[in-house]
Amino acid sequence: MQVSSLPRLRRRLFWAVPVLLLALPLLTNEYTQFVANGMLIAALVTLGFSLVIGNLGQLAFANTAFFGLGAYASAILSATLGLPWIVTIPLSGLVGALGGFVASSAALRGIRAYYLAIITLAFGELMRWVYVHARPVTGGTNGLALPKETLFGFSLSDDKVKFYVFLLVAVLLIKATSNLLRSRLGRAIMAVRENEVATASLGIPTARIILMTFAWSGFVTGCAGALFARHVGHVFPESFGMIQLISSFAMVLVGGLGSILGAVLGAVLLTALPEYLRAFPGLEELFFGLIVGAVLLVLPMGLASLLRRASPLFSERYYRE
Amino acid sequence: MSDLLQVSSLGVRFSGLTALDDVSFTLREGEVRAVIGPNGAGKTTLFNAISGYVTPTSGAVLLQGRDLAGQSPHAIAEHGVRRTFQNGGLFPALTVLENVMTGLHAQTPGSFLDIVLGRRHAIEAEQAARAQAHDLLKLMSMDHMADHRAGDLSGGQQRIVEIVRTVASDPPVLLLDEPAVGLSPVARDQMLEIIRRLAGEKGVGILLIEHAVELVMSVADRILVMAAGKRIADGTVPEIREDRAVLEAYLGYA
Amino acid sequence: MKRLKTVLACAVLAASAVTAQAQSQDWETEGLSDDAITIGVMGPFSGNAASYSKALIGMMAYYDKINDEGGIYGRKLVAVQEDTACDSAKGIAAAKKLLSQDKVFMLQGNSCSGVALAMRPIIEDSGVPWIVAHAVSDSISDPLAKNIFHGVPTGSANGRAMAAFVLSKPDTKKVAIIEHSNDWAHSYSDPARAYLEEHGVTPTEELTMERGETDATAQVLRLRQDKPDFIIAALYEAETAIFLRDLKKYGLGDIPVMGTAGTDLENTMKRTGDFDTVKNYYVIHSYIDNLDGPKMKPWADMIHKYYPDEQLSTFSFVSIGSAEALVAALKAVGPDLTRSKLIDALNQVHDFDTGILSDPITWTPEDHQGVKGSAVAGFVDGKPTVLKAWGQPY
Amino acid sequence: MFLQLTLGGLSQGAIYALVALSLTVVYRSTTVVNFGHGDFVMAGAFISYVLVVIAGVAFLPAAVLAVLAMFVLGVLFSRGLIRRVRGGPHIGLALMCIAAGYVLRGIARMVWGREVLPMPRVFDIEPIFIGNLVITGDAVFIIGTVLVLLLTLFGLLAFTDLGKMVQAVYQSPRGARLIGLNVELFDDFSWGVGAALGAIGGILIAPVSLLHPDLGASFLIKGFAAMTLGGFGAPFGAVLGGLILGVAEQYAGAYIDTSLIEITAYLVIVLVLFLRPQGLFGRKAVVKV
């Protein structure tokens with residue numbers, strides 16, 4: 001009973017959430033719907049980031065760049081080349097994956113830890129420089145606007161329509177990432193984090209695992225970028241800067257490093273909280289800084305670890321049951 | 001019995017310092033071969049050079065006739081030379097089962113795309129790997145610990161799990177770096193039993209670094225004695241017992 | 001799968017039914033009460049562009065002044081502040097909150113052009129009147145949106161004023177441009193470049209100096225080889241000071257430099273600590289007088305009356321002009337205020353002298369870019385002076 | 001032009017060198033790279049600003065007080081926060097540094113969010129002209145101060161017991177503990193010195209630049225670039241890396257394109273890590289797996 005029903009219950013819970021969310025647009029106004037859409041995007045960004053810093057255990061700063069790459073790819077493909085936006089989502093993911101590949105390619109040369117962190121930082125800043133200076137393609141600092149579009153007759157300017165698309169993309173990517181983590185590749189990712197030398201001794205090409213993780217993280221984040229481009233309707237270089245980075249750090253930590261459930265929780269919570277805190281402007285950095293510090297001291301494995309402790313339903317397994 | 005592993009004239013130099021000097025020996029199928037020597041004799045360097053963590057500056061490492069010298073550690077491991085680590089190489093945050101399953105990485109089919117898309121055959125391969133890992137753990141009477149975090153196990157249990165993980169893929173050659181150090185007498189006997197079974201039943205060629213002389217004498221078929229990066233003696237247990245060079249080396253260092 | 005599709009379609013339909021409200025009579029007076037007109041004030045109250053929000057502080061001080069004088073037909077101007085942090089996603093959230101949750105009567109404000117551009121489609125669709133009170137990008141109000149009014153000189157107005165001033169100096173042939181690579185700088189330099197090209201002048205040297213750079217040696221040495229007659233500098237205050245200092249250091253102090261509205265003469269002089277360094281520096285100055293001049297003093301006093309600790313900068317005054325125009329339009333509508341009537345009244349604002357901006361505000365149904373030009377300030381006989389053209393006081 | 005660019009580059013590079021060196025001091029003894037260090041630099045500048053402009057203290061004593069304050073802050077950070085996350089996942093250390101940096105920046109923003117603060121000029125010395133070459137007071141002051149600091153620091157490291165202790169802890173913390181060194185206390189001290197050195201960088205640049213809460217971010221990346229170029233953990237390398245970076249920025253700006261100044265540091269990082277990961281003087285940085 002215990003053995004067979006728990007996985008089934010877990011699976012049902014996984015699908016129950018998106019099914020219930022289908023009704024959400026009945027309860028929202030334009031503003032709250034916009035915030036909810038932002039949560040879905042944040043969940044994907046956090047998931048992608050958590051994969052690198054939580055599961056792979058590499059400090060990296062390039063995810064903001066993958067996000068930007070995805071957003072720009074989507075905007076350029078739909079505004080300049082006239083592709084339907086929905087088609088640009090997977091393409092943006094591929095561009096993000098390419099970014100992940102390039103940013104981590106130093107790993108093939110044996111670069112790890114702080115060195116890899118610094119090179120990803122440089123990669124992120126270089127990308128921002130490119131957005132600003134490649135004006136003919138990116139529109140420079142004025143950015144690029146996405147054209148108005150419809151999808152199966154529904155306007156993509158309507159946040160409620162966007163919500164269903166975002167939800168579908170988010171569910172697919174979360175499911176795919178969960179598949180990845182519950183496979184030999186997922187275990188290899190965490191093995192690299194735990195002990196890379198020992199991982200190699202098992203015949204696992206660790207540098208390639210690092211590149212693969214960055215590339216998949218880039219794919220998830222790049223897709224999120226495409227959603228973000230539609231979410232805002234306009235892509236600017238400023239959207240992919242430091243504030244984006246610190247809030248991602250905070251979301252990953254609050255939710256729990258390396259946990260899919262945690263990534264979603266952290267993203268939802270920390271997207272909602274600043275909206276409630278709108279009355280106290282100017283405190284964003286202080287707020288996120290204090291949260292990260294406090295979580296590190298008090299609950300280093302985040303909210304997900306609390307849930308795990310509360311019920312085996314929330315424990316995450318890295319194999320197929 | 002044929003020679004599995006043939007190490008010939010292996011040498012390692014670090015910026016002018018000779019850590020390993022012209023070491024040659026062979027390892028047969030199902031043979032337990034101990035490497036002994038005082039601290040700094042180059043035993044671990046020998047292991048690192050064979051398993052690829054240190055690039056040898058000269059010589060060859062032939063596995064069933066194929067030269068592995070200079071290849072990367074994961075490639076050498078994939079060819080079938082696997083090792084454990086002196087300081088423990090488990091992944092503490094993963095469960096015992098997940099640890100053993102990492103040992104099956106290369107044997108588990110399923111491409112990246114198949115895995116991400118959740119294709120049936122990839123899932124089935126995963127389920128098969130899990131069943132196999134459970135079987136391996138049962139063989140070592142460790143299956144009841146399958147869902148425990150590896151980091152929560154006792155030292156002896158950790159070493160056993162590490163060996164289970166290392167041999168999960170049925171490698172022809174196994175390098176064990178001080179598998180019994182710090183173990184209780186009971187755990188040590190268990191370890192000996194495991195080593196004998198791997199060699200005897202599965203025919204694994206085992207190269208073993210060990211300081212505990214009585215353990216070496218009871219399990220090894222042949223012994224390689226090293227000092228200062230060189231091979232100073234090589235032979236069966238009785239031969240080594242009689243060897244003057246060995247006695248001198250040990251007395252000299254003791 | 002099919003069932004899922006049906007569920008999806010139903011949900012979308014139900015959701016869009018809720019959204020699609022007709023612009024009814026209720027809509028016309030939303031955010032109005034007998035004693036209040038709610039105005040959504042959006043701006044970067046936090047984040048690294050928070051210094052721009054001074055513009056909105058000045059504007060809200062003006063609301064306070066009107067309220068102290070009894071309001072407009074008994075209604076007070078009630079500002080509902082929302083922070084954009086100068087971030088487009090946050091800005092849109094702020095706009096949507098003001099529109100769909102706080103349901104304000106109208107909007108005024110926003111400092112960051114990027115954010116304003118991102119908001120524009122949403123606000124245009126809502127039909128709620130919005131007076132852009134600080135952001136300068138032309139694309140916010142061009143092409144025309146019937147409910148969006150630009151209340152400050154736009155980027156092209158400023159940039160063209162800069163270039164016009166540069167060319168008004170006799171024998172100007174070689175012009176160099178130095179700028180930050182951000183939208184703020186481009187909003188000045190692009191129209192200036194266009195104006196120069198229209199008049200047959202191509203910049204001989206185009207340089208960048210990034211925010212936070214503390215040294216302009218490389219840039220100045222390139223200028224020393226180019227020897228321009230005039231330099232257009234779209235740089236923030238600190239970098240302007242560094243640039244002027246290095247210019248003088250390397251013996252180029254005699255070349256006049258044309259700066260943006262983001263700097264002012266007094267602060268630049270304070271920063272360089274030396275009159276000689278700034279004596280040939282000119283800036284876009286959208287006001288009728290020097291910031292500390294007698295005609296600006298009443299405005300400064302007004303801000304300090306309601307915000308005693310506020311430190312004034314050139315931004316502090318820029319949004320007051322459009323607030324005056326708004327008040328004039330509200331008064332013209334009369335007590336029976338609706339959104340449509342307000343938009344009509346704003347379209348009637350002609351040649352409106354604000355007593356603070358150097359150029360008047362004119363909105364017509366065809367053109368909502370209200371302020372078409374700007375004065376320039378420079379040192380004449382050692383005194384900061386507002387100028388119309390080279391050598392012509394305002 | 002060449003000489004002038006070199007001089008300008010050296011005076012910029014001197015600041016980078018100081019930031020890189022302060023990062024190195026912490027890294028050598030604790031193996032932690034302080035990803036929040038830019039904000040420590042900024043905090044040093046802000047404290048000196050408060051003392052000079054608001055409290056009316058003269059520049060020199062204000063600078064000394066600010067440096068002391070940052071030393072104390074560094075020690076407190078090490079004792080109160082870094083020590084407590086040492087046991088956890090190693091990424092926690094870096095995140096704690098980032099968090100601390102953001103808190104400092106948040107405080108600065110809360111207090112001075114809407115103001116851009118001009119720091120009064122301190123050294124208004126007439127520039128010296130040698131032919132075409134101009135030598136300014138700023139350059140002389142910055143290069144001079146950094147030179148004196150470096151000589152003192154390297155002197156301490158080379159000729160005193162303190163230097164031997166630093167070396168011992170760097171080589172083997174466990175060994176250092178065995179011979180009776182209080183490694184924890186030593187870590188605290190290193191954090192203090194790192195924060196103080198960073199603060200000096202901030203104080204030196206503040207009068208030339210403007211003061212704003214984001215001041216530190218750009219110096220952090222320059223410090224990283226200098227440190228990478230010089231080789232991680234090599235103090236002399238950090239200094240040389242800083243100077244080279246400063247000069248390289250000027251050359252790139254003057255001879256190629258001024259928009260390259262901003263990204264010279266990033267390009268240096270990428271090139272060094274791909275071509276010579278150990279930098280000029282560092283230990284081997286790559287892993288073999």
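Because the structure is predicted, anything quoted here is derived from the model rather than measured.
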Residues A:F61, D:F35; criterion ring pair (Phe, Tyr, Trp, His ring centres under 6.0 Å); working and verdict: CA-CA 11 Å; A:F61 297 92; D:F35 281 89; 5.1 Å; yes
Determine which residues belonging to [range] lie within contact range of chain A, meaning some heavy atom pair is under 4.5 Å apart, and list them by number or answer 'none'.
| range | value |
| --- | --- |
| residues 232-259 of chain D | D:F232, D:S259 |
| residues 217-226 of chain D | D:I221, D:F224 |
| residues 24-34 of chain D | D:Y27, D:T31, D:V32, D:V33 |

Inter-residue atom distance [X].[atom1] - [Y].[atom2], 0.5 Å rounding:
| X | Y | atom1 | atom2 | value |
| --- | --- | --- | --- | --- |
| A:R128 | D:E262 | CZ | CD | 8.0 Å |
| D:L273 | A:Y115 | CG | OH | 8.0 Å |
| A:I118 | D:M227 | CD1 | CE | 6.5 Å |

Contacts of residues 48-56 of chain A with chain D (heavy atom under 4.5 Å): A:I53
Minimum heavy-atom distance between A:G289 and D:A99, given as atom pair plus value: O-CB, 3.4 Å
Closest non-hydrogen atom pair between A:G293 and D:M96, with its separation: O-CE, 3.8 Å
Ring centers of A:F123, D:Y266 separated by less than 6.0 Å: no
Does a side-chain heavy-atom distance below 4.5 Å link [X] with [Y]?
| X | Y | answer |
| --- | --- | --- |
| A:L126 | D:L267 | yes |
| D:R84 | A:L296 | no |
| D:Y102 | A:V292 | no |

Interchain contact, A:L257 with chain D, by part (heavy-atom threshold 4.5 Å): side chain
Interchain contact, D:I91 with chain A, by part (heavy-atom threshold 4.5 Å):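 For D:I91, the contact with chain A is made by the side chain alone.
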